[in-house]
Amino acid sequence: MRAVRIVTETGKTIAEVTEDLGINETTLASWVSRARRAGTAPAGGSDELERLRRENAQLKRDNKELVMERDALKHCMVLWVKHP
(Lines give C-alpha, C1' and ligand atoms only; values in the text may rest on other atoms or scores of the structure.)
Protein backbone atom coordinates (compact mmCIF):
# COMPACT_ATOMS: atom_id res chain seq x y z
CA MET A 1 0.00 0.00 0.00
CA ARG A 2 1.26 3.45 -0.89
CA ALA A 3 0.74 5.04 2.53
CA VAL A 4 2.80 2.31 4.23
CA ARG A 5 5.61 2.79 1.71
CA ILE A 6 5.64 6.54 2.34
CA VAL A 7 6.08 5.97 6.09
CA THR A 8 8.72 3.26 5.76
CA GLU A 9 10.73 4.68 2.88
CA THR A 10 10.67 8.44 3.40
CA GLY A 11 11.01 8.69 7.15
CA LYS A 12 7.85 10.76 7.45
CA THR A 13 5.87 10.14 10.60
CA ILE A 14 2.55 8.37 10.54
CA ALA A 15 0.88 11.60 11.67
CA GLU A 16 2.40 13.53 8.74
CA VAL A 17 1.32 10.94 6.20
CA THR A 18 -2.22 10.65 7.57
CA GLU A 19 -2.59 14.42 7.46
CA ASP A 20 -1.30 14.54 3.88
CA LEU A 21 -3.51 11.68 2.69
CA GLY A 22 -6.56 12.33 4.87
CA ILE A 23 -6.71 8.87 6.42
CA ASN A 24 -7.08 7.74 10.03
CA GLU A 25 -3.83 7.69 12.02
CA THR A 26 -4.69 4.53 13.94
CA THR A 27 -5.50 2.71 10.73
CA LEU A 28 -2.20 3.62 9.10
CA ALA A 29 -0.26 2.71 12.25
CA SER A 30 -1.93 -0.69 12.16
CA TRP A 31 -1.06 -1.17 8.48
CA VAL A 32 2.56 -0.20 9.05
CA SER A 33 2.85 -2.51 12.06
CA ARG A 34 1.27 -5.39 10.15
CA ALA A 35 3.56 -4.85 7.15
CA ARG A 36 6.65 -4.82 9.36
CA ARG A 37 5.60 -8.00 11.17
CA ALA A 38 4.96 -9.69 7.82
CA GLY A 39 8.35 -8.58 6.58
CA THR A 40 6.94 -6.65 3.64
CA ALA A 41 8.07 -3.28 4.95
CA PRO A 42 11.50 -2.36 6.24
CA ALA A 43 11.75 -2.14 10.00
CA GLY A 44 14.54 0.42 9.60
CA GLY A 45 13.01 2.75 12.14
CA SER A 46 14.55 1.05 15.17
CA ASP A 47 18.14 1.22 13.85
CA GLU A 48 17.67 4.80 12.76
CA LEU A 49 16.04 5.69 16.06
CA GLU A 50 18.93 4.18 18.01
CA ARG A 51 21.45 6.08 15.86
CA LEU A 52 19.57 9.33 16.48
CA ARG A 53 19.47 8.66 20.23
CA ARG A 54 23.24 8.11 20.31
CA GLU A 55 23.82 11.22 18.24
CA ASN A 56 21.52 13.25 20.49
CA ALA A 57 23.34 12.04 23.61
CA GLN A 58 26.70 12.99 22.08
CA LEU A 59 25.42 16.43 21.10
CA LYS A 60 24.14 16.99 24.64
CA ARG A 61 27.57 16.06 26.05
CA ASP A 62 29.30 18.37 23.55
CA ASN A 63 26.90 21.19 24.37
CA LYS A 64 27.48 20.79 28.11
CA GLU A 65 31.24 20.97 27.58
CA LEU A 66 30.94 24.06 25.38
CA VAL A 67 28.76 25.81 27.97
CA MET A 68 31.36 25.12 30.64
CA GLU A 69 34.15 26.43 28.40
CA ARG A 70 32.14 29.55 27.59
CA ASP A 71 31.46 30.20 31.25
CA ALA A 72 35.16 29.79 32.09
CA LEU A 73 36.11 32.25 29.34
CA LYS A 74 33.53 34.75 30.59
CA HIS A 75 34.99 34.49 34.08
CA CYS A 76 38.54 34.99 32.73
CA MET A 77 37.39 38.02 30.76
CA VAL A 78 35.80 39.59 33.83
CA LEU A 79 39.01 39.09 35.80
CA TRP A 80 41.10 40.51 32.95
CA VAL A 81 38.90 43.62 32.62
CA LYS A 82 38.99 44.26 36.39
CA HIS A 83 42.77 43.82 36.63
CA PRO A 84 44.44 44.97 33.42
Side-chain angles (χ1 to χ4, degrees):
M1 166 158 273
R2 190 180 104 188
V4 173
R5 285 185 52 207
I6 293 171
V7 171
T8 59
E9 294 176 6
T10 67
K12 282 188 166 187
T13 65
I14 290 173
E16 291 171 328
V17 174
T18 57
E19 187 176 319
D20 292 344
L21 299 178
I23 58 178
N24 185 286
E25 190 171 338
T26 306
T27 302
L28 180 55
S30 174
W31 293 343
V32 169
S33 177
R34 193 175 315 148
R36 286 184 174 153
R37 280 195 311 269
T40 58
S46 62
D47 290 339
E48 179 67 9
L49 184 59
E50 184 57 35
R51 184 190 68 76
L52 290 172
R53 284 185 176 142
R54 284 192 310 269
E55 182 180 354
N56 188 44
Q58 181 63 48
L59 290 170
K60 284 182 177 184
R61 286 189 298 270
D62 292 347
N63 188 52
K64 186 176 181 179
E65 184 178 340
L66 289 170
V67 166
M68 288 175 16
E69 289 175 2
R70 182 204 61 200
D71 291 345
L73 289 171
K74 279 182 179 180
H75 183 70
C76 289
M77 195 63 161
V78 167
L79 293 175
W80 181 74
V81 169
K82 285 184 178 180
H83 306 286

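Quantities reported herein were computed from a predicted structural model and do not represent experimental measurements. Both backbone and side-chain heavy atoms feed into the values below; hydrogens, waters and symmetry mates do not. For reference, positions follow the sequence shown, starting with 1.
Contact annotation: the side chain of Arg70 never approaches that of Leu66 to less than 4.5 Å [non-hydrogen atoms, C-beta and beyond]. Counting heavy atoms from C-beta on, the side chains of Asn56 and Lys60 come closer than 4.5 Å.
No more than 12 heavy-atom neighbours from other residues, nucleotides or ligands sit within 6.0 angstrom of CD on Glu19.
Taking Glu69 as the reference, nothing meets the salt bridge (charged side-chain N to carboxylate O under 4.0 Å, His left out) condition, with sequence neighbours excluded. Remark: Asp71 engages no residue in a side chain to side chain donor-acceptor pair (under 3.5 Å) (not counting sequence neighbours).
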Taking distance alone, no hydrogens or angles, what donor-acceptor pairs closer than 3.5 Å link side-chain atoms of residues 21-32 to residues at least two apart or in another chain?
from	atom 1	to	atom 2	distance (Å)
Asn24	OD1	Thr26	N	2.8
Asn24	OD1	Thr27	N	3.1
Ser30	OG	Arg34	NH2	3.2

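Separating the CD1 atom in Ile6 from the CD1 atom in Ile14 is a distance of 12.0 Å, to the nearest 0.5 Å.
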